[in-house]
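For reference, the structure is listed below as structure tokens.
Scope of the values below: all heavy atoms of this structure, side chains included, with no hydrogens, waters or symmetry mates. In what follows, chains carry the letters A, B, and so on, assigned in the order in which the sequence lines appear, proteins first and then strands, with residues in each chain numbered from 1. Owing to the predicted nature of the structure, the values given are computational and were not obtained by experimental measurement.
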There are 2 protein chains.
Amino acid sequence: MGRDPREFLQIGDASERTGLTQRTLRYYEEKGLLRSPARMEGGFRLYSGDDIDRLERIKELRELLGFSLADIKEMLDAEDVRLQIKSEWRKDADAAEKAQKMRVAREITLQQLQLIDQKMAKMATMRDQLAERIAKYDANLRQWSEESAARQHS
Amino acid sequence: MGRDPREFLQIGDASERTGLTQRTLRYYEEKGLLRSPARMEGGFRLYSGDDIDRLERIKELRELLGFSLADIKEMLDAEDVRLQIKSEWRKDADAAEKAQKMRVAREITLQQLQLIDQKMAKMATMRDQLAERIAKYDANLRQWSEESAARQHS
DNA sequence: ACGCACGTTAACGCGAACGTGAGAATGCCG
DNA sequence: CGGCATTCTCACGTTCGCGTTAACGTGCGT
């Protein structure tokens, strides 16, 4: 998967592609939200396509949904558990422990889902209120223009 | 236990009612998100029912939807324009200017609505992904328990 | 009038999430 | 090889959204 060195981006290009600053990319790495990317011999970071995807998910979770980086880390970690366990499935030593970790991850995910459902419900309410308010603006503007027209006729 | 006129709450009660700290109430006032509430002779703040409502809206916008206080201030200001214009409707000097302000407020509100629609769409996508992930957790757990049972029989 | 809960402003502190250089190393082109 | 852009690692600075004393004033039951 992705052997082409041109599929890797240096931090400048990665920054431009994601719309996040270089500082932010390093910061996310430092905070453990992004696993340390590959490096060139000289030490320059090389971001894979997966890295870019993950960064864009982080960006949406943060900018669009307003989650804290700590929350996001928890989410992504929970997300990783399944994949990680799956990749290590062959050596099923202490499978009970793995199952337990997976149940925990499931619980976290479920809580996230419920949280999002709550948010969406509240958002729908807000949306309706905004639509109603626009209708009132329009009603007022329409009424004003009618009154204005009537006044011109008197 | 201050027994005050029924409709007004002192900052302690207002804090308890809204779930926001007293510091936060003063901070929101300082930042212009809440118009300065009434005061007693001694200087104690008196929050009206409207104040409480507004505070609860701010709380939802912030905690639930993750907007910045600056964003929220802009929203609420846009919201106020209609009411303010309505209350000053009698002196309709330069009504054209008022209509213009109202159109601007309408535009801002419309943008907010569109923003919320975008957020809800992304949220719905995320929700589905989470649901799918839970299904995968369950599938893995179910499979694991079956294999475990089979192993016990061998 | 006293006590005590409750409120006031002012000011400093704090964690999160980066911004902003400084100074040195690296990549690459001619 | 020189020269220039890019990146590296510290490390201090900044903004937001409050928390936390400190020092002092107010409301009110007794």
- Ignoring backbone atoms, establish whether A:Y28 has a side-chain N or O less than 4.0 Å from OP1 or OP2 of C:dC18. yes

- Query: What is the distance, rounded to the nearest whole Å, between atom OH of A:Y27 and atom P of C:dG15?
  - Reply: 12 Å

With a cut-off of 3.5 Å and sequence neighbours excluded, list every side-chain donor-acceptor pair involving residues 13-22 of chain A.
from, atom 1, to, atom 2, distance (Å)
A:S15, OG, A:L20, O, 2.6
A:T18, OG1, A:A14, O, 2.9
A:T18, OG1, A:S15, O, 3.4
A:T18, OG1, A:L20, N, 3.2
A:T21, OG1, A:T24, N, 3.0
A:T21, OG1, A:T24, OG1, 2.8

- Identify, residue by residue, the members of residues 68-77 of chain B with a heavy atom below 4.0 Å from DNA chain D, and return them in order of residue number, or none. B:S68, B:L69

- Message: Can you list, in residue-number order, the parts of residues 18-25 of chain B that come under 4.0 Å of DNA chain D, counting heavy atoms only?
- Response: B:T21, B:R23, B:T24

- Item | Those residues that, when tested against B:E60, pass side chain to side chain contact (heavy atoms under 4.5 Å, CB included) (two or more places apart) | A:K122

- With sequence neighbours left out, what residues match A:R142 under salt bridge (charged side-chain N to carboxylate O under 4.0 Å, His left out)? none

- Query: Just how far is it from atom CD1 of B:I108 to atom CZ of A:R133, taken to the nearest 0.5 Å?
  - Reply: 11.5 Å

- Item | A:K98 NZ/CZ over B:Y137 ring centroid, <6.0 Å and within 45° of normal | no

Which side-chain N or O atoms in residues 123-131 of chain A pair as donor and acceptor under 3.5 Å with protein atoms at least two apart or in another chain?
from, atom 1, to, atom 2, distance (Å)
A:T125, OG1, A:A121, O, 3.2
A:R127, NH1, B:D117, OD1, 3.0
A:R127, NH1, B:D117, OD2, 2.8

- Task: May I ask you to decide whether A:R106 forms a salt bridge with A:E79, counting only side-chain N to carboxylate O separations under 4.0 Å?
- Result: no

- Message: Suppose clustering is done on Ile, Leu, Val, Met, Phe, Trp and Tyr with side-chain heavy atoms closer than 4.5 Å. Which residues sit in the same group as B:L83?
- Response: none

- Query: A:L33 CG to C:dC18 C1': how many Å, rounded?
  - Reply: 13 Å

- Message: Can you measure A:D13 atom CG to D:dA5 atom P for me and round it to whole angstrom units?
- Response: 16 Å

- side chain to side chain contact (heavy atoms under 4.5 Å, CB included) partners of B:E74, counting only residues at least two apart: none

- Counting only side-chain N and O atoms of B:R26, is one of them less than 4.0 Å from OP1 or OP2 of C:dT8? yes

- CG of A:L9 versus C1' of D:dT7: gap in Å, rounded? 15 Å

- Query: Could you go step by step and tell me if B:R35 and B:D80 meet the salt bridge (Lys or Arg N to Asp or Glu O under 4.0 Å) rule?
  - Reply: CA-CA 11 Å; B:R35 59 174 190 273; B:D80 287 343; over 6 Å; no

- Note on the structure: To the nearest angstrom, the CD-P distance between A:E29 and C:dC18 comes to 15 Å

Quick one: which protein N/O atoms are closer than 3.5 Å to N/O atoms of nucleotides 25-30 of chain C? Pair and distance per line, please.
from, atom 1, to, atom 2, distance (Å)
C:dG27, OP1, A:G42, N, 3.1

- For A:A99, what residues pass the side chain to side chain contact (heavy atoms under 4.5 Å, CB included) criterion, not counting sequence neighbours? A:R103, B:L141, B:W144

- Between CD1 on residue B:I58 and CZ on residue B:R62, distance to nearest 0.5 Å: 11.0 Å

- Item | Cation over ring face, B:K119 and B:F67, 6.0 Å, 45° | yes

- Item | Any residue of residues 56-65 of chain B with a heavy atom less than 4.0 Å from an atom of DNA chain D | B:R62

- Query: Atom NZ of B:K31 and atom P of D:dC16: how far apart are they, to the nearest Å?
  - Reply: 6 Å

- Separation of atom CZ in A:F8 from atom P in D:dT6, rounded to whole Å: 22 Å

- Message: Please enumerate all residues that pass side chain to side chain contact (heavy atoms under 4.5 Å, CB included) together with A:E107, with sequence neighbours excluded.
- Response: A:L110, A:Q111

